[in-house]
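To start, the structure itself, in structure tokens.
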Amino acid sequence: MSRLVVQHWIACLESQAVPPVGVNNLYNLLGVGHVFAFAADVEFPAVIPELNMFARFVNGTGVMQFEAELVWFRPSGRVRSVENLGFNQVTFRTGEFRRDVSFRYWNVPIAGVGEYAVRLCRHRRGRLRVLANEYFSVEQQP
Amino acid sequence: MNGKNVRPPARTLGTPIRPDLSRGSSEADGVNIIEAQPLPRLWLHITLAFAVPASDPGRVALAAATFIAKLHALDRLLRLTVEPDRCSATDDEALLVFVPRRWGALEAERLDEIKPQVRDLASAAFGGAEVKTVEVVKEHRA
């Protein structure tokens with residue numbers, strides 16, 4: 001049995017599915033980057049108003065449940081889970097070897113400057129399995 | 001080139017996005033972009049009522065330590081820890097608050113499942129106390 005693989009897990013500020021609706025929509029990913037810069041006058045905790053995560057799944061079958069969580073790597077080195085961004089269910093069509101999905105999260109909380117990861121996990125037999133990490137850093141402009 | 005051998009592209013480009021349908025409001029976006037709501041934080045609240053104020057601090061400390069150790073052993077995946085800021089105590093009542101390491105859909109299910117066992121553990125550990133409530137409190141992000 002083939003194992004589910006996440007080929008891409010990409011953070012961007014905006015994603016658009018190109019119409020018309022279909023099984024193989026193209027996606028436009030806008031604002032792909034690994035640094036989020038907040039203005040100097042922003043006080044933390046702050047939010048990223050919209051964060052889009054583009055995923056390309058390979059070998060998906062049936063209905064699968066996923067969770068995405070935001071992890072903050074504190075400057076002290078301690079890992080702190082900041083937020084569970086949400087629970088998603090994806091239905092894979094029969095014979096669909098690859099599947100593109102874009103997840104949209106609103107008002108993603110940012111506790112402070114530093115390194116972050118958006119972690120995609122899959123529910124399986126009552127456990128969570130980490131499928132992919134997307135790392136980015138948060139900076140504050142001087 | 002023989003026209004019969006010309007295969008269509010795997011993906012058609014589709015129609016351009018009209019300005020009024022851009023920014024996440026197109027039909028294709030609605031179908032192909034999955035929006036997720038953050039999952040609420042979870043807390044396990046245990047309320048104990050004491051008929052007679054506890055007079056022996058040593059026994060109370062021992063009961064608390066025993067209870068916490070057994071609670072950890074009950075479900076190690078939850079990794080419950082005491083949340084001291086949310087705990088409170090009066091002469092005749094105590095509120096113990098525990099928080100799991102993560103707060104996802106699986107953790108919510110597990111917490112609901114262990115509630116009856118937590119009640120039994122608390123009754124056994126705190127002999128002179130009545131376990132008034134064992135509840136999972138969900139707190140949505142503001």
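Chain letters run A, B, ... following the sequence lines, proteins first and then strands; every chain starts at 1.
Hydrophobic clustering (side-chain heavy atoms under 4.5 Å, transitive across Ile, Leu, Val, Met, Phe, Trp, Tyr) groups Leu71(B) together with Val82(B). Two different hydrophobic clusters hold Leu39(B) and Trp43(B) under the rule that ILVMFWY side chains link at heavy-atom gaps under 4.5 Å. Under the 4.5 Å side-chain heavy-atom criterion for ILVMFWY residues, no single connected hydrophobic cluster contains both Met64(A) and Val5(A). Residue Leu13(A) is grouped with residue Val101(A) when hydrophobic side chains (ILVMFWY) are merged at heavy-atom distances under 4.5 angstrom, including chains of intermediate members. A continuous path of hydrophobic side-chain contacts links Val108(A) to Phe38(A) [ILVMFWY only; heavy atoms under 4.5 Å].
Gly86(A) approaches Ala36(B) most closely through the heavy-atom pair CA-CB, 4.1 Å.
Contacts with chain B (heavy atom to heavy atom, under 4.5 Å) involve these residues of residues 127-139 of chain A, listed by number: Arg127(A), Leu128(A).
Interatomic distance, Ile34(B) CD1 to Ser102(A) OG, rounded to the nearest 0.5 Å: 8.5 Å. Note that CZ of Phe103(A) is 11.0 Å distant from CD1 of Ile33(B), once rounded to the nearest 0.5 Å. Going from atom CZ of Arg102(B) over to atom CZ of Arg119(A) covers 9.0 Å, rounded to the nearest 0.5 Å. Note that the CD atom of Gln37(B) and the OH atom of Tyr105(A) stand 11.0 Å from one another [nearest 0.5 Å].
No more than 12 heavy-atom neighbours from other residues, nucleotides or ligands sit within 6.0 angstrom of CZ on Arg59(B). Within 6.0 Å of the NZ atom in Lys115(B), the count of heavy atoms belonging to other residues, nucleotides or ligands exceeds 12. Sparse packing is recorded around NE2 of His34(A), with 12 or fewer heavy atoms of other residues, nucleotides or ligands lying under 6.0 Å away.
A donor-acceptor pair under 3.5 Å links the side-chain atoms of Glu67(A) to the main chain of Ala105(B), judged by distance alone. One N or O on the side chain of Asn84(A) and one on the backbone of Trp103(B) form a donor-acceptor pair closer than 3.5 Å.
For Gln89(A), the part lying near chain B is the backbone, with the side chain staying farther off; criterion is any non-hydrogen pair under 4.5 Å.
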